[in-house]
Amino acid sequence: MRIDILTIFPEFFSVLDISLVGKARQSGLIELSVHDLRDFTHDRHRTVDDTPYGGGAGMVMKPEPWGEALDAVVDVETTVIFPSPAGERFTQAMARELALAPHLVFGCGRYEGIDQRVIDHTRGRVTVREVSLGDYVLNGGEVAAMAMIEAIGRLVPGMVGNPESLTEESHEDGLLEYPSYTKPSVWRDHEVPPVLLSGNHGKIAAWRHDQQVERTRRVRPDLLESK
């Protein structure tokens with residue numbers, strides 16, 4: 001998989017070098033490049049924003065730098081993702097879908113967002129997804145892009161050492177993950193559920209499923225309502 005990131009804060013993504021994504025880059029599973037949007041400006045102040053038409057607070061990111069930056073990285077196989085609180089909700093199902101894409105470009109907006117014409121024009125060339133992490137607003141798209149790259153990247157074949165572990169996680173089957181335990185069997189007067197020490201794999205599987213349903217009902221009942 002190839003990933004390109006467009007941002008005015010390229011240093012923000014240096015943390016990816018110490019994560020699983022960093023190991024995937026070293027092994028060649030993922031090719032990741034970060035591009036400074038200001039490198040696509042042509043004035044001495046490297047300006048990337050201007051006041052909004054129609055008035056209002058804040059600044060809007062200018063279309064010219066974005067246009068040139070996207071021209072430099074987009075090809076026919078590209079899916080462009082614009083993190084946005086006005087976008088569709090990011091889910092595990094979407095992460096799995098995007099993990100199959102050959103080339104992802106993340107366009108990290110700031111201020112009051114990117115000039116809408118950039119998104120509209122790009123949508124006329126390649127697949128575009130406006131995606132939100134949730135019902136809240138961040139200062140920019142970098143945090144959201146980081147979270148999505150982590151969620152998508154770990155689903156790329158070969159990324160996680162034991163691929164079976166991916167099938168038992170929260171949201172993979174519409175339920176939250178069951179609680180996990182390890183040694184010792186008693187810690188500060190808290191005991192591991194006896195069924196996990198029984199060696200009966202059928203009972204263990206049934207207990208874990210019951211725990212998934214109960215945790216989902218308690219924490220995220222909306223997930224059960226949608227099933």
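No experiment lies behind these values; they were computed from the predicted model shown. Just the heavy atoms: all of them, side chains too, but no hydrogens, waters or symmetry mates, feed the values below.
With sequence neighbours excluded, the residues that form a side-chain contact (heavy atoms from CB on, under 4.5 Å) with Asp50 are Lys62. The side-chain contact (heavy atoms from CB on, under 4.5 Å) search around Asp39 returns Asp36, Arg46, not counting sequence neighbours. Every residue meeting the side-chain hydrogen bond (donor to acceptor under 3.5 Å, both in side chains) condition with Asp43, not counting sequence neighbours, appears here in chain and number order: Thr47. Ser132 meets the side-chain contact (heavy atoms from CB on, under 4.5 Å) test with no other residue; sequence neighbours excluded.
Hydrophobic clustering places Ile18 together with Ile3 (ILVMFWY residues linked when any side-chain heavy atoms are closer than 4.5 Å, directly or through intermediates). If you chain together hydrophobic residues whose side chains sit under 4.5 Å apart, Phe82 and Leu32 fall into the same group. Put simply, Val105 and Leu100 are part of two different groups of oily side chains (I, L, V, M, F, W, Y) that touch within less than 4.5 Å, one to the next. Residues Phe12 and Phe40 do not share a hydrophobic cluster, clusters being chains of Ile/Leu/Val/Met/Phe/Trp/Tyr side chains in contact below 4.5 Å. Residues Tyr53 and Ile114 are members of separate hydrophobic clusters, defined by side-chain heavy-atom contacts under 4.5 angstrom among Ile, Leu, Val, Met, Phe, Trp and Tyr.
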Any chance you could lay out the side chain to side chain contact (heavy atoms under 4.5 Å, CB included) test for Glu88 and Arg129, step after step, and finish with the verdict?
CA-CA 8 Å; Glu88 58 184 311; Arg129 306 283 292 267; 2.8 Å; yes
Worked check of side chain to side chain contact (heavy atoms under 4.5 Å, CB included) between Val21 and Phe13:
CA-CA 11 Å; Val21 176; Phe13 294 93; over 6 Å; no
Met148 vs Ile81, test: side chain to side chain contact (heavy atoms under 4.5 Å, CB included). Steps then yes/no.
CA-CA 10 Å; Met148 285 187 270; Ile81 300 170; 4.2 Å; yes
Between Phe90 and Ile152, does a side chain to side chain contact (heavy atoms under 4.5 Å, CB included) hold up when you go through it step by step?
CA-CA 11 Å; Phe90 184 68; Ile152 294 164; 4.2 Å; yes
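Pairing each heavy atom of Ala99 with each of Leu155, the nearest pair is CB-CB, 3.8 Å. Here the closest heavy-atom approach between residue Ala147 and residue Leu133 is recorded as CB-CD1, 3.9 Å. Of all heavy-atom pairs between Ala101 and Met1, the closest is O-CE, 3.3 Å. Nearest heavy-atom pair across Leu138 and Ala144 is CD1-N, 4.1 Å. Pairing each heavy atom of Cys108 with each of Thr7, the nearest pair is CB-CB, 4.2 Å. Taking every heavy atom of both residues into account, Pro52 and Val60 meet most closely at CB-CG2, 3.7 Å.
Arg38 CZ to Ile8 CD1: the interatomic distance, rounded to the nearest 0.5 Å, is 4.5 Å. Taking CD of Glu77 as the reference point, atom OG1 of Thr79 lies at 9.5 Å (rounded to 0.5 Å). Here the straight-line distance linking atom CG of Leu70 with atom OG1 of Thr122 works out to 4.5 Å at 0.5 Å rounding. Considering CD of Gln211 and OG of Ser180, their distance stands at 10.5 Å, rounded to 0.5 Å. Within the model, atoms CG of Asn139 and CZ of Phe9 stand 9.0 Å from one another, a figure rounded to the nearest 0.5 Å. Atom CG of Leu37 and atom CZ of Arg110 lie 12.0 Å apart (nearest 0.5 Å).
In this structure a side-chain-to-backbone donor-acceptor pair under 3.5 Å is present from Arg215 to Glu177. In this structure, the side chain of Gln212 engages the main chain of Leu176 through a donor-acceptor pair within 3.5 Å. For the pair Thr78 (side chain) and Val80 (backbone), a donor-acceptor distance under 3.5 Å is absent.
Proximity of Trp187 to Thr182: side-chain heavy atoms (C-beta onward) are nowhere separated by under 4.5 Å. At least one side-chain heavy atom of Met146 sits under 4.5 Å from a side-chain heavy atom of Val15. The shortest side-chain heavy-atom distance between Ile149 and Phe106 falls under the 4.5 Å cut-off. For the pair Glu214 and Arg218, the minimum side-chain heavy-atom distance is below 4.5 Å. For the pair Asp4 and His103, the minimum side-chain heavy-atom distance is below 4.5 Å.
Within 6.0 Å of NE2 on His121 lie no more than 12 heavy atoms contributed by other residues, nucleotides or ligands.
Residues Tyr181, Val195, Leu196, Leu197, Ile204, Trp207 make up the rest of the hydrophobic cluster containing Val192, defined by ILVMFWY side-chain heavy atoms closer than 4.5 Å, directly or through other members.
Ion pairing between Arg2 and Asp75 holds under the 4.0 Å rule for side-chain N and carboxylate O. With respect to Asp120 and Arg125, no salt bridge is recorded, no charged nitrogen being found less than 4.0 Å from a carboxylate O. Using a 4.0 Å cut-off between charged nitrogen and carboxylate oxygen, Arg117 and Glu64 do not count as a salt-bridge pair. Ion pairing between Arg220 and Glu225 fails under the 4.0 Å rule for side-chain N and carboxylate O.
Annotation: salt bridge (charged side-chain N to carboxylate O under 4.0 Å, His left out) contacts involving residues 22-31, sequence neighbours excluded, comprise Asp17-Arg25.
Between His42 and Glu68, the side chains place a donor N or O and an acceptor N or O closer than 3.5 Å (distance only, hydrogens not considered).
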